[in-house]
Amino acid sequence: MRKNVKRRGRGRPGKDRPHGGSLLLKAGQSAFARHGFEGASLRGIAAAAGVDPALAAHHFGSKEALWEAVIERFALYLAPYIVELRELQTQVQIPIRARIETAFRQLIAAVCGEPESGMLISRISAERGEKLDLLVEKLIRPYHDAFEPLLQEAMRERLIAEQSLEVLYFMLLHAVTMSVSFRHVLGYFDEPFEDIEQLKRDMTQCVLATFLGRPSNNITRRRKLPK
């Protein structure tokens, strides 16, 4: 005799799967990073999330609302890092060298935790407009305002050479975010970085060696320079 089996509705995740809204947020972030806001579609995002398109409409109503939810999710992710940066500003009893090193390590860790962040910034920056305004307001400016005073102090203490603060900050930000997002390109010149943790370690050593003169002997994949 057949047992009555309760079927799931279309697009609804089972108990052992993440909630549909979470799946859509992750798929949305990836779609916006890879295709930009204009190139992404709710239907395509729903397909990538493995849910029915009706669920996307139910949770978010529109692509614009999903975009805002993606940025809010990202802002929540960055919030603890921003708090730590602000605390580093106030811990003046700790030498600035140690604090700026912590800030560099934290930036790399934050980006490696969301590897598509550079791609997202790049795509939306190219489109400009209201979507970029929201990205700057919720993500880029808060992190900038927490990080930059540490760079400024490091310059005052002659730890980092005096230069354009804004240019330095954005070169650092884009160097880290783009290197992580497009790490597959490194595969054309060296072994591809399959291990994000290895990339994080090597990037940290490179940044510390470049800005603070710390030796980079721990980089395990370093090539020998030609004689």
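Numbers for residues simply follow the sequence, beginning at 1. As the structure is a computational prediction, the values presented were derived from the model and not from experiment. All values below were derived from every heavy atom in this structure, side-chain atoms included, with hydrogens, water molecules and symmetry-related copies excluded.
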Would you check if the side chain of K138 reaches a backbone N or O of E72 as a donor-acceptor pair within less than 3.5 Å? no

Using modelled atom types only, decide if a donor and an acceptor are shared between the side chain of T210 and the backbone of C206 within a distance under 3.5 Å. yes

Report the C-alpha distance between R86 and Q89 in whole Å, list the side-chain angles of each, state the deciding distance to 0.1 Å, and finish with yes or no for side chain to side chain donor-acceptor pair (under 3.5 Å). CA-CA 5 Å; R86 289 173 178 162; Q89 291 180 35; over 6 Å; no

Between [X] and [Y], which heavy-atom pair has the shortest distance, and what is it?
| X | Y | result |
| --- | --- | --- |
| S117 | V111 | OG-CG1, 3.7 Å |
| V180 | P115 | CG1-CA, 3.8 Å |
| I124 | F32 | CD1-O, 4.4 Å |
| A46 | P53 | CB-CA, 3.7 Å |
| I45 | A40 | CD1-CB, 4.3 Å |

Quick check for you: to the nearest 0.5 Å, what is the distance between M119 atom CE and S30 atom OG?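 Rounded to the nearest 0.5 Å, the CE-OG separation comes to 7.5 Å.
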
Look up atom OG1 in T102 and atom CG in L107, then write down how far apart they are to the nearest 0.5 Å. 12.5 Å

May I ask whether [X] and [Y] are part of the same hydrophobic cluster, defined by side-chain heavy atoms of I, L, V, M, F, W, Y residues being less than 4.5 angstrom apart, directly or through others?
| X | Y | result |
| --- | --- | --- |
| V207 | I196 | yes |
| L151 | L212 | yes |
| I94 | Y81 | no |

Before accepting this row, confirm whether a basic side-chain N of the pair R97/E101 lies closer than 4.0 Å to the acidic partner's carboxylate O. no

Cut-off 3.5 Å, no hydrogens considered: what does the side-chain donor-acceptor table look like for residues 153-167, sequence neighbours left out?
| residue | atom | partner | partner atom | Å |
| --- | --- | --- | --- | --- |
| E153 | OE1 | R99 | NH1 | 3.2 |
| E153 | OE2 | R99 | NH2 | 2.6 |
| Q163 | NE2 | A161 | O | 2.8 |
| S164 | OG | V167 | N | 3.3 |
| E166 | OE1 | H144 | NE2 | 2.9 |
| E166 | OE2 | H144 | NE2 | 3.4 |

If the test is side chain to side chain contact (heavy atoms under 4.5 Å, CB included), which one of L55, L66, L42 qualifies with F60? L66

If you apply the rule side-chain contact (heavy atoms from CB on, under 4.5 Å), what do you find for L135 with F74, and how did you get there? CA-CA 10 Å; L135 184 71; F74 217 143; 6.0 Å; no

Can V176 and F104 be said to form a side-chain contact (heavy atoms from CB on, under 4.5 Å), step by step? CA-CA 10 Å; V176 173; F104 287 151; over 6 Å; no

Tell me, yes or no, whether the heavy-atom count around E130 atom CD, taken from other residues, nucleotides or ligands under 6.0 Å, exceeds 12.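 Atom CD in E130 is not crowded, with 12 or fewer foreign heavy atoms closer than 6.0 Å.
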
Could you list all the salt bridge (Lys or Arg N to Asp or Glu O under 4.0 Å) pairs where at least one residue sits in residues 107-116, not counting sequence neighbours? R34-E116, R73-E114

Is the F182 ring parallel, tilted or perpendicular to the H184 ring (thresholds 30°, 60°)? tilted

Determine whether the aromatic ring centres of residues F147 and Y169 are separated by less than 6.0 angstrom. yes

